[in-house]
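Worksheet for the structure shown next.
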Amino acid sequence: MIDSTAGSVHRLMKGETKSFASIYAVSFVIILAIALIAQTLGWHWRSWLPGAEGVESLNDGVKVAVYNFMSYLL
């Protein structure tokens, strides 16, 4: 006997994955745009992002900020 629910669950998970990826991508682009604008204007933008205050490198600071921001969305 064929289980027809497995296909619908797979489609649901695929849709959720796409929506999560789109939220992540849009959020990352917004944060990146804010960081780039603030950087060109000479502002200290890293203190604006939650959780990124004590991070020393730019990459780690953006990663921490994006993960914290995503936790507020979920």
Side-chain angles (χ1 to χ4, degrees):
M1 193 163 176
I2 298 174
D3 186 13
S4 62
T5 59
S8 62
V9 170
H10 180 66
R11 275 184 262 134
L12 178 65
M13 289 174 52
K14 192 174 184 180
E16 288 177 352
T17 303
K18 286 183 180 180
S19 64
F20 179 78
S22 63
I23 290 172
Y24 182 84
V26 169
S27 302
F28 183 79
V29 168
I30 290 172
I31 290 172
L32 181 65
I34 291 170
L36 289 175
I37 291 169
Q39 189 71 28
T40 56
L41 295 175
W43 297 339
H44 297 285
W45 59 270
R46 289 177 65 191
S47 62
W48 302 346
L49 302 173
E53 294 87 11
V55 181
E56 295 179 6
S57 72
L58 176 68
N59 188 29
D60 290 340
V62 171
K63 188 167 101 175
V64 167
V66 168
Y67 286 142
N68 284 333
F69 180 70
M70 290 300 293
S71 70
Y72 290 122
L73 294 178
L74 302 174

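For the single chain, residues carry numbers from 1 onward in sequence order. What you see is a predicted model; the values in this text were computed from it and never measured.
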From OH (Tyr24) to CZ (Phe69), nearest 0.5 Å: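 If I round to the nearest 0.5 Å, the distance is 12.0 Å.
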
Under a single-linkage definition using a 4.5 Å side-chain heavy-atom cutoff for Ile, Leu, Val, Met, Phe, Trp and Tyr, are Ile30 and Tyr67 assigned to the same hydrophobic cluster?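 No, it is not one cluster - the side chains of Ile30 and Tyr67 are not joined through contacts under 4.5 Å.
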
On a heavy-atom basis, which atom in Phe20 and which in Met70 lie closest, and how many Å separate them?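 Looking at all heavy atoms of both residues, the closest pair is CE1-CE, 3.5 Å.
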
Side chain to side chain contact (heavy atoms under 4.5 Å, CB included), that's the test. Do Thr40 and Leu36 meet it? Break it down for me. CA-CA 6 Å; Thr40 56; Leu36 289 175; 5.6 Å; no

Member of Val26, Leu32, Ile31 meeting the side-chain contact (heavy atoms from CB on, under 4.5 Å) criterion with Phe28: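 Only match with Phe28 under side-chain contact (heavy atoms from CB on, under 4.5 Å): Leu32.
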
Partner set under side-chain contact (heavy atoms from CB on, under 4.5 Å) for Ile37, not counting sequence neighbours: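 Leu41.
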
